[in-house]
Participant: 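Before we start, here is the structure in question, set down as structure tokens.
Computed from heavy atoms alone, side chains included, the values below leave out hydrogens, waters and symmetry copies.
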Amino acid sequence: MKLMIHGEGDSAKGLGHLVRALGLAFELSPQHEIIFAVSAANLSTAEALKSQLSKWYAPHDFSIIALGEISPLPHGDNGWRTAASATQAALVKAAKSANIDVLISDGKFEWSPSEVEQLATTAKLILIDNLAPSRGLADFVIYPTGHASDEMIAPIKPERLRTGLEWSWIHPAAKKLSQASASQTLQCTISMGGADPEQLTLRLMKAISTILPEGKKAVVIGRSFSHAAEVKALGNQLKNWEFIDGGESAFEAFKKSKSVVCAFGITVYECMAMGIPTGIVPHDYDSAADANLLLKRYPNAGFLLKDTSEESVRIFLNRKKNDTLDSTLTSKIGQLSTQISALI
């Protein structure tokens, strides 16, 4: 079967969706012919991430094509809306030209009924994690999480909806470590995403150092940290801090940690799979709502911190230790490609 997989991501909005789409492409490539599509603005990022992932999936491979010059991801101006429309049209055109059987799009822009109708004559449309009103138009809609709200799924016919932990994707490094044992040599690791725009890392380091002055701790410095120098300077001042330059080394730090404090996103699910107690510090209101919903459904999945204050961090670090997930739940995490293979 011939598949086109579309994903987007950048340093400002995050790379999780793009990494997931690339990982899915690798995992489906042994059984299917794959074409990966991304906007030209995010092409170099996609190629770099693909190169990093390739060692886990060699010799499997796939081609990448670029669609339009402007990223369709939301930014400060409204130019992305025009870009999203252009990207959508380019996806349909490319899919029809290549005689694609299934188009899988991990992007958050609204599909117009006319474009979906055009695509429907030749290919199925599967949307992943799409929050736009168009989610009701697709052949299938996948929420690869445990926090899809009733409001999100309301427009979708039940027979077209797929959601739950088994529809999630995690990095192959995290999947491998989930099956390994490790000594807990780190008191805590902080990971606040690729950019940490509110610079919450600095506040968390101060709070954790006050609560846990002894013992080694680690902080992950994202690829797009504008405050990387400040993080390193503070760590050296506070002492007992190790610096992790993102990437796969972060998973090894998580596995060696007694606890992890992170932003809400794929890291939460990866820590769930590895059985690591996780304190969640959302970057915004929407992320906080999603985290609340996840923890309502899976109370032991993590702990939602009220803020980055010493008091909130102390409550998490001093929590009761009976917070491990049941193995029947953790074993479900990261089965996205297997589930999609069965779906198509």
Side-chain angles (χ1 to χ4, degrees), residues 9-19 45 48-49 52 76 171 173-174 177 182 184-271 274 276-285 287-288 291 302-318:
D10 60 26
S11 58
K13 305 302 288 189
L15 298 173
H17 290 263
L18 182 55
V19 173
T45 301
L49 291 172
Q52 293 170 16
H171 195 285
L177 287 170
Q184 294 180 324
T185 57
L186 293 172
Q187 294 290 325
C188 186
T189 295
I190 300 171
S191 178
M192 293 305 295
D196 185 22
E198 294 86 10
Q199 302 191 4
L200 302 180
T201 298
L202 297 169
R203 296 180 228 168
L204 289 166
M205 289 174 68
K206 293 176 183 178
I208 292 171
S209 287
T210 301
I211 301 164
L212 301 172
E214 304 300 326
K216 292 182 179 179
K217 299 164 282 287
V219 56
V220 178
I221 299 177
R223 293 182 179 90
S224 302
F225 268 36
S226 62
H227 52 303
E230 290 91 332
V231 169
K232 291 182 178 180
L234 180 62
N236 291 330
Q237 176 188 336
L238 296 172
K239 299 179 180 179
N240 294 322
W241 283 93
E242 296 180 2
F243 308 113
I244 311 295
D245 291 327
E248 296 168 13
S249 55
F251 300 117
E252 297 176 6
F254 297 158
K255 190 66 177 180
K256 293 189 294 184
S257 297
K258 294 180 180 178
S259 58
V260 170
V261 177
C262 66
F264 187 70
I266 193 171
T267 299
V268 174
Y269 288 88
E270 288 164 340
C271 287
M274 290 187 280
I276 303 164
T278 307
I280 304 169
V281 184
H283 276 299
D284 52 43
Y285 176 82
S287 295
F303 182 93
L304 184 61
L305 275 71
K306 181 180 178 182
D307 49 39
T308 56
S309 67
E310 181 183 327
E311 178 184 6
S312 293
V313 175
R314 189 182 297 276
I315 292 172
F316 164 62
L317 293 176
N318 292 340

Participant: State, to 0.1 Å, how close Leu202 and Leu234 come at their nearest heavy-atom pair, and which atoms those are.
Facilitator: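 Leu202 and Leu234 have their closest heavy atoms at O-CD2, 3.5 Å.
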Participant: Stepwise, does the side-chain contact (heavy atoms from CB on, under 4.5 Å) test hold for Lys232 with Ile221?
Facilitator: CA-CA 9 Å; Lys232 291 182 178 180; Ile221 299 177; 3.6 Å; yes
Participant: Where do Ala218 and Leu186 come nearest, in terms of heavy atoms and distance?
Facilitator: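 In this case the closest contact between Ala218 and Leu186 is CB-CD1, 3.9 Å.
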Participant: Would you give the length of the straight line joining atom CD of Glu248 to atom NE2 of His171, rounded to the nearest 0.5 angstrom?
Facilitator: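 With rounding to 0.5 Å, CD (Glu248) is 4.5 Å from NE2 (His171).
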Participant: To check you understand the geometry: which heavy-atom pair defines the closest contact between Cys262 and Val268, and what is its length?
Facilitator: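 Residues Cys262 and Val268, closest heavy atoms: SG-CG2, 3.8 Å.
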Participant: Would you give the length of the straight line joining atom CD1 of Ile280 to atom CZ of Phe316, rounded to the nearest 0.5 angstrom?
Facilitator: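 These two atoms lie 9.0 Å from each other.
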Participant: Is the number of heavy atoms from other residues, nucleotides or ligands under 6.0 Å of Glu230 CD greater than 12?
Facilitator: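 Yes, because the 6.0 Å sphere around CD of Glu230 holds more than 12 heavy atoms from other groups.
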Participant: Do you know the tightest heavy-atom contact between Ser259 and Leu317?
Facilitator: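 Minimum heavy-atom separation between Ser259 and Leu317: OG-CD2, 3.5 Å.
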Participant: Roughly how far, to the nearest 0.5 Å, is CG of Leu204 from OG of Ser191?
Facilitator: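 So the OG of Ser191 and the CG of Leu204 are separated by 11.0 Å.
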Participant: Out of curiosity, Ser257 OG to Lys217 NZ, how far, rounded to the nearest 0.5 Å?
Facilitator: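 Going from the OG atom of Ser257 to the NZ atom of Lys217 covers 11.5 Å.
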Participant: In Å and rounded to the nearest 0.5 Å, what is the CD to CE distance from Glu252 to Met274?
Facilitator: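 Separation between the atoms: 10.0 Å.
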Participant: Taking all heavy atoms of Ser312 and all of Leu305, pick out the closest pair and write down the distance.
Facilitator: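 Ser312 and Leu305 have their closest heavy atoms at O-CG, 4.1 Å.
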Participant: I want to check something: taking the side chain as every heavy atom from C-beta on, are Leu15 and Arg223 in contact at a cut-off of under 4.5 Å?
Facilitator: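 A side-chain contact exists here, since the closest heavy-atom pair is under 4.5 Å.
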Participant: Before giving the answer on side-chain contact (heavy atoms from CB on, under 4.5 Å), spell out for Thr201 and Val219 the whole-Å C-alpha distance, their side-chain angles and the decisive distance to 0.1 Å.
Facilitator: CA-CA 8 Å; Thr201 298; Val219 56; 3.4 Å; yes
Participant: State whether the side chain of His283 and the backbone N or O of Met192 hold a donor-acceptor pair below 3.5 Å, judged by distance alone.
Facilitator: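 Answer holds: yes.
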Participant: What's the shortest heavy-atom distance between Phe243 and Val231, and which atoms?
Facilitator: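 Distance-wise, the nearest heavy atoms are CE2-O, 3.7 Å.
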Participant: In terms of the angle between their ring planes, are Phe225 and His227 parallel, tilted or perpendicular, with boundaries placed at 30° and 60°?
Facilitator: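 Rings of Phe225 and His227: parallel, as their planes differ by under 30°.
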Participant: Calculate, to the nearest 0.5 Å, the distance between atoms CG and OG belonging to Asp196 and Ser224 respectively.
Facilitator: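 These two atoms lie 11.0 Å from each other.
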Participant: Would you say Thr278's side chain and Ile276's backbone share a donor-acceptor pair under 3.5 angstrom?
Facilitator: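 Checking the backbone N and O of Ile276 against the side chain of Thr278, a donor-acceptor pair under 3.5 Å is found.
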Participant: Table please: side-chain donor-acceptor pairs of residues 205-216 below 3.5 Å, with sequence neighbours left out.
Facilitator:
unit_1, atom_1, unit_2, atom_2, d
Ser209, OG, Met205, O, 3.1
Ser209, OG, Trp241, NE1, 2.7
Thr210, OG1, Lys206, O, 3.0

Participant: Determine, stepwise, if the pair Phe264 / Leu304 fulfils side-chain contact (heavy atoms from CB on, under 4.5 Å).
Facilitator: CA-CA 9 Å; Phe264 187 70; Leu304 184 61; over 6 Å; no
Participant: Hey, mind stepping through Leu177 and Phe254 against side-chain contact (heavy atoms from CB on, under 4.5 Å) and telling me if it holds?
Facilitator: CA-CA 10 Å; Leu177 287 170; Phe254 297 158; over 6 Å; no
